[in-house]
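First comes the structure, then the notes that go with it.
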Amino acid sequence: MDPVRVRFAPSPTGHLHLGSARTALYDYLIARKTGGQFILRIEDTDQKRLVEGAEQEIYDGLHWLGLDWDEGPDVGGPYGPYRQSERKEIYQKYALELVEKGYAYYCFCSPERLSEMRTGQQQRKEPVVYDGTCRNISLDEARSRVAAGEKHVIRFKTPRTGATTMTDLLRGAITVENRMLDDYILVKSDGLALYHLAAAVDDHLMKITHVIRSSEWLPTAPLHSMIHRSFGWQEPVWVHLSVFLKPSGKGKMSKRDAAELVKDGHSIFIKELENLGYLPEAVLNWVALMGWSFDDHTEFFTKQALIESFTLDRLNPSPAAINFQKFDYFNANYIRMLTDAELAERIKPFFDREGLPADLFTLTRIAPIIRERLTTLDDAIDMAGLFFRPFPQLTADQLPGKDMTPEMTANVIRSAIEVFEPLPSLDKDATEPFMRSEVDRLGLTPGQAFGTLRVAVTGQKVSPPLFESMEIIGKQAIMERLQAALSLLSA
RNA sequence: GCCCCCAUGGUCUAGCGGUUAGGACACGGCCCUUUCAAGGCCAUAACAGGAGUUCGAGUCUCCUUGGGGGCACCA
């Protein structure tokens, strides 16, 4: 495949979410695979909807995911500026060209009049499109009204008969009756272009070869084709991606749904995912497979493998419900691929956040015994917090294992003290065989005896493996805790 | 309401005229086991419905149904 030029064109109006991330990923993959360029363009033509910090969040999210771009507002490039609000004059010029050629016209209708028109159309069950009132104004008259400072917009003059056909790479020909398409506004009364014009102009000027975007653009795609054709430009290849549905498969994720998700430790927002303890490599792998597949069995892909395997023709056009169980599965598996040192470094921030004094050295020792128990990085707090928190105050009734009397419980602890006392340190290799034979001698099951020791030594019913944990806690603390448990039982 | 798109188990999907319809997650059972996990094995589960084309249809066509998206001086 020839090198492509693709753009990821988010508008800075909210959080970067999974759907956008997937679009950016596919852009990135096909650009890297073909040796082309991945361009970041900020679509901020609607200044009213701008959200403080949203543009930065886009950069941060893409960086976190490891999707680096070749051209963009921050890194520049030969076809800039890459922020649409800085391209106002360019759109103005091209809009005028369309007016000149008779493909667009000035419209002086007020927003109030338009909204009346629409309600009337709805009541009469007609297509809700502009009624064409200003189409009939001669260009000369329109120009003098504009010159006189009359408030106006520029509309595309969509043909009122016939149909327009364009081609979507995944779906083939898409035909729409022209009368169903509106005389869309190209330039607002404030002089700034709207999406339809701005995107077309930029895609052409920036030499975009493939437009990969969400399928919510499908109904207006024929319009976009027409705009390109009106200028006499060659159209890019259009690729409309399926949408993501909420986990139930019933509809698109709403703000409310998104908020609910965080309560279960999930989220569709990239920024949130990082805080929840997900790995960027897991996010990429998971999201890549929602709407794309390689074959009937391969499902683990590094970013590099994705670049090598990805092709546009294996994209799936049908909507996909987001499956967080599968995401957890991927995340857990990617955690297991981390070395001890890597895992320690990745979980460190979560301990810091909790105010737990976890050092990298200790975390590296802990890594192998908690790794396969983690679904997300922040599970490490539940799993290994005990190594850094003050030991809790226990009560005697917490100590006995299943079907154990206080005497049997005390015996286990006493024998542990006896066994551990002469040892220089509590290495698993030394402690475990000793204690196993003690368990036999005392006529207990391992489950009973080790359960008692687990509570006595970790203060918890559930913990990482007992002997490995003791090794990390250290002999001194262990002996103190055993003595304390013993006196608790004899009290 | 109008327009566009989509349709294989609960979910993500493989399949591109002839398959015992494959894989994964989730779920259930068993094994392993010092808790929790992880791992191993096994099981349950799908071509939305109806016409057509064809010797033969999950695969092609049409209709129905269902789902999704779009109908702004938002993107």
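In the text below, chain A, chain B and the rest are named by the order of the sequence lines, each starting its count at 1.
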Determine whether more than 12 heavy atoms belonging to other residues, nucleotides or ligands lie under 6.0 Å from atom [atom1] of [X].
X	atom1	answer
A:Phe324	CZ	yes
A:Glu52	CD	no
A:Arg179	CZ	no

Which is true for [X] with a 4.0 Å heavy-atom rule: it touches a base, it touches only sugar-phosphate, or it touches nothing?
X	value
A:Val243	sugar-phosphate
A:Trp217	base
A:Thr220	nothing

Rounding to an integer number of angstrom, what distance separates [N] and [M] when you compare their [atom1] atoms?
N	M	atom1	value
B:G40	B:A45	C1'	22 Å
B:G9	B:C47	P	7 Å
B:G15	B:G58	C1'	8 Å
B:C27	B:G10	P	16 Å
B:A24	B:A14	C1'	11 Å
B:U44	B:C62	P	37 Å
B:A43	B:G29	P	16 Å
B:G52	B:C71	P	40 Å

Distance, rounded to the nearest Å, where [X] contributes [atom1] and [N] contributes [atom2]:
X	N	atom1	atom2	value
A:Phe156	B:C73	CZ	P	17 Å
A:Gln84	B:C74	CD	P	13 Å
A:Glu112	B:A72	CD	P	16 Å
A:His266	B:A26	NE2	P	11 Å
A:Glu116	B:A72	CD	P	16 Å
A:Met253	B:G68	CE	C1'	14 Å
A:Tyr195	B:C71	OH	P	12 Å
A:His17	B:A75	NE2	P	15 Å

Does a nitrogen or oxygen in the side chain of A:Arg118 sit under 4.0 Å from OP1 or OP2 of B:C73? yes
Under-4.0 Å side-chain N/O to phosphate OP1/OP2 contact, A:Lys252 with B:G70: yes
Please determine if [X] and [Y] form a salt bridge, counting it only when a charged side-chain N lies under 4.0 Å from a carboxylate O.
X	Y	value
A:Arg414	A:Glu418	no
A:Arg229	A:Glu235	yes
A:Lys250	A:Asp257	no

[N] pairs with which nucleotide, Watson-Crick or G-U wobble, both distances below 3.5 Å?
N	answer
B:C32	none
B:A37	none
B:U20	none
B:U65	B:A7
B:U59	none
B:G1	B:C71
B:U44	none

Between the protein and nucleotides 58-66 of chain B, list the N/O to N/O atom pairs that are separated by less than 3.5 angstrom.
none

Per-nucleotide protein contact string for nucleotides 30-45 of chain B (B base, S sugar-phosphate only, - none; heavy atom under 4.0 Å): ----BBBBSS------
Using a 4.0 Å heavy-atom cut-off to protein, can you give one letter per nucleotide of nucleotides 2-16 of chain B, 5' to 3': B if the base is in contact, S if only the sugar-phosphate is, - if neither? SSSSSS---BSSSS-
Which residues pass the side chain to side chain contact (heavy atoms under 4.5 Å, CB included) test with A:Ser318, not counting sequence neighbours? A:Asn316
Can you check whether [X] and [Y] have ring centres sitting under 6.0 Å from each other?
X	Y	result
A:Trp292	A:Phe310	yes
A:His224	A:His196	yes
A:Trp286	A:Phe330	no

Would A:Asp202 and A:Arg41 satisfy salt bridge (charged side-chain N to carboxylate O under 4.0 Å, His left out), going step by step from the backbone distance to the final call? CA-CA 9 Å; A:Asp202 288 348; A:Arg41 186 171 76 213; 3.8 Å; yes
Mind checking what makes ring pair (Phe, Tyr, Trp, His ring centres under 6.0 Å) contact with A:His240, not counting sequence neighbours? none
Any pair with a residue in residues 185-195 of chain A that passes side chain to side chain donor-acceptor pair (under 3.5 Å), sequence neighbours left out, goes on the list, sorted by first then second residue, please.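 For residues 185-195 of chain A, and leaving out neighbouring residues, the side chain to side chain donor-acceptor pair (under 3.5 Å) pairs sorted by first residue read A:Tyr195-A:Arg213.
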What distance separates A:Leu363 CG from A:Leu343 CG, expressed to the nearest 0.5 Å?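 The distance works out to 8.5 Å.
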Between A:Gln122 and A:Glu216, name the one whose nearest nucleotide on RNA chain B is closer to the 5' end.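 Per heavy-atom nearest nucleotide, the more 5' residue is A:Glu216.
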